[in-house]
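Below is one structure, written out as structure tokens, with a few remarks after it.
Per chain, numbering begins at 1; letters A, B, ... match sequence-line order. These values consider heavy atoms only, across backbone and side chains, with no hydrogens, waters or symmetry-generated copies.
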Amino acid sequence: MSALVLFDTRTRRKQRFEPIEPGHARVYSCGPTVYAPQHIGNLRPYLFADLLKRALLAEGLRVTHVINITDVGHLTSDADAGEDKMERAAAQAGKTAAEIAAFYTEQWLRDRRRLGCLEAEVYCKATDHIAEQIEMAQRLEERGYTYRIEDGLYFDTSKFPRYAEFARLDLAGQEAGARIGDVAGKRHPQDFALWKFAPPGVERQQEWDSPWGRGFPGWHLECSAMSVKYLGAHFDIHTGGVDHIAVHHTNEIAQSECALGVHPWVEVWMHNEFLDLGGEKLSKSKGHTLVLDDLVARGFEPLVYRYFFLQAHYRQQQAFSFDEMASAAKGYRRLLGVAVAARGVGGEPDAGERDAIEKVRGEFWDAVRDDLNAPRAMEALWRVARGDFSDAAKRELLLDFERWLGLGLATETPPGDAQESDPRIDALVAERRAARAARDFARADAIRDALKAEGIEIEDTKEGTKWRRAR
RNA sequence: GGCCCGGUGGGUGAAUGGCUCAGCCAGCGGACUGCAAAUCCGUUCAUGCGGGUUCGAUUCCCGCCCGGGCCUCCA
């Protein structure tokens, strides 16, 4: 049996995972910013984090998983200036920032659940942890890592020699041509705000008092403050999308290591690559991003998206298209068919089957332990589903694999199996049945063709004729 | 401009310094079916281009081209 190995962004290597505290893994995942819906690409980090959590659990570890919810303060520009997205979304919707945040938080939590993600032990909101953020900024100030300008309190990145290390930044190259002028007084382009002063004359819904004046926290601070609060000054794993490496996580590390005097602050950094939405990024209605409900509206159950996700490795970009969703739906449906059949039988596999069972079980979990290699695990899964195993063996293995897959193999029935009811269609189906009984196949086929033309598919089974709407 | 991923069959997507380069979907053939559908079985098709290292490269190195992403610049 192999050991759990995870790819660490800091060292750019796969490393054997050993929790700092034996038997207990502490994980922090960068969560959503809740001023807009999370599109299906935004969901990938949570699917990935879920695979990580399930892998840790499968190792027999206790897992404390913390996910933050950013309900304040991101600016429209990635510079330190610009309009605040949360405030803007609120203004546009005629609601308060808190209402907007609550709405999108709920939507995100619901999507997570529908995708089969295990709940986090802690969901923490930035606005509930202003005091912790101020405290960390104060620590940094006391230790001489900050400077104050008209705009706010800034972190002086030149005081942190390791600043460029994590993301392997070329600061000299970046600085050479950079204009520092976005925010007057910034000493280095990569310096970032710890606390921003409320702009004079602007009515903000989200501002707080601080030792430096009324304002709001810089947007990297929340993750440092909250992760440390819930997981301690030195914890195991921090996850997020690759887009966070260069700026957000680099800044988190700078703040945290300087404020806490630790290194490394986090043992393993893990980042998921992006979903390539290609031309599907925007659906017809302009500006509307593709969300999970859009897939559902097209007839794809949320777990089909999970199945789709499992077909690629989390560190590879994955190409999204509706054709691929349809293909995933097909595979998922077949897989569930096998699972449903297998879990209906009792008994134990024959002793003679034991070797084959343990071999494929090992292949599955070895793939999981090798940096969460889902495609390889799926390969083993299909060897079980399609292979010569007895139903008892299939049941045992599928239920075992389900602990990591989260595909509903123990509970779900194939999508589209539930028989709909529609008086007109039911009548046509009945008429066709009568025609077939009378061996009037011309009439029977005509009815089938007519239904097919309006997107209704007919399936004759031992239990009778079923129909369903085609995707 | 800097940095980071990647270019494998019709689609997607694993793996690998040599042994028949996974799996899923599609296609094709077969079973089943009145015919289909669904399901099952079988099966065709692939390593972007040019150099280098090597006995041997899809795999390692360099260059090029192409796609995606992050940051910056410009506007």
Could you check which of [options] has an atom nearest any side-chain atom of [X]?
{"X": "A/R448", "options": "B/G13, B/A36, B/C24", "result": "B/A36"}
{"X": "A/Q318", "options": "B/G13, B/C24, B/G34", "result": "B/G13"}
{"X": "A/Q311", "options": "B/G67, B/C24, B/A14", "result": "B/C24"}
{"X": "A/R383", "options": "B/A22, B/G69, B/G34", "result": "B/A22"}
{"X": "A/D243", "options": "B/C70, B/G34, B/G11", "result": "B/C70"}
{"X": "A/V247", "options": "B/A14, B/C25, B/C71", "result": "B/C71"}
{"X": "A/A319", "options": "B/G13, B/G23, B/G11", "result": "B/G13"}
{"X": "A/E324", "options": "B/G69, B/G11, B/A14", "result": "B/G11"}
{"X": "A/D276", "options": "B/G23, B/G68, B/A15", "result": "B/G68"}

Counting only pairs under 3.5 Å, give me each side-chain donor-acceptor contact of residues 372-382 of chain A, with atom names and distances, residues two or more places apart or in other chains.
| residue | atom | partner | partner atom | Å |
| --- | --- | --- | --- | --- |
| A/N373 | OD1 | A/R376 | N | 3.1 |
| A/R376 | NH1 | A/D370 | OD2 | 3.0 |
| A/W382 | NE1 | A/Y307 | OH | 3.1 |

Whole-angstrom distance between [N] and [M], as gauged at atom [atom1]:
{"N": "B/C35", "M": "B/G42", "atom1": "P", "value": "23 Å"}
{"N": "B/A22", "M": "B/G17", "atom1": "P", "value": "15 Å"}
{"N": "B/G48", "M": "B/A38", "atom1": "P", "value": "34 Å"}
{"N": "B/U43", "M": "B/A26", "atom1": "C1'", "value": "14 Å"}

> Among side-chain atoms of A/Q38 and A/D111, is any donor-acceptor pair under 3.5 angstrom?
Replying inline: no
> Any luck finding a side-chain donor-acceptor pair between A/Y104 and A/D71 under 3.5 Å?
Replying inline: no
>> For A/E363, give me all partners under salt bridge (charged side-chain N to carboxylate O under 4.0 Å, His left out), at least two apart in sequence or on another chain.
In response: A/K359, A/R383
>> Salt bridge or not between A/D151 and A/K196? Use side-chain N to carboxylate O under 4.0 Å.
In response: yes
> Can you say whether the rings of A/H238 and A/W269 are parallel (under 30°), tilted (30 to 60°) or perpendicular (over 60°)?
Replying inline: parallel
>> Judged by each residue's nearest nucleotide on RNA chain B, which is more toward the 5′ side, A/G331 or A/A385?
In response: A/G331
With 3.5 Å as the limit, what N/O pairs link the protein to nucleotides 26-33 of chain B?
| residue | atom | partner | partner atom | Å |
| --- | --- | --- | --- | --- |
| B/A26 | OP1 | A/K330 | NZ | 2.2 |
| B/A26 | OP2 | A/R334 | NH1 | 3.4 |

> When only distance counts, do a donor and an acceptor, one from the side chain of A/Q316 and one from the base of B/G6, lie under 3.5 Å apart?
Replying inline: no
>> Partner lookup for B/G42, please. Criteria are Watson-Crick or G-U wobble with both distances under 3.5 angstrom; report none if nothing qualifies.
In response: B/C28
>> Checking the side chain of A/E402 only, and the main-chain atoms of A/L407 only, is there a donor and an acceptor separated by less than 3.5 Å?
In response: yes
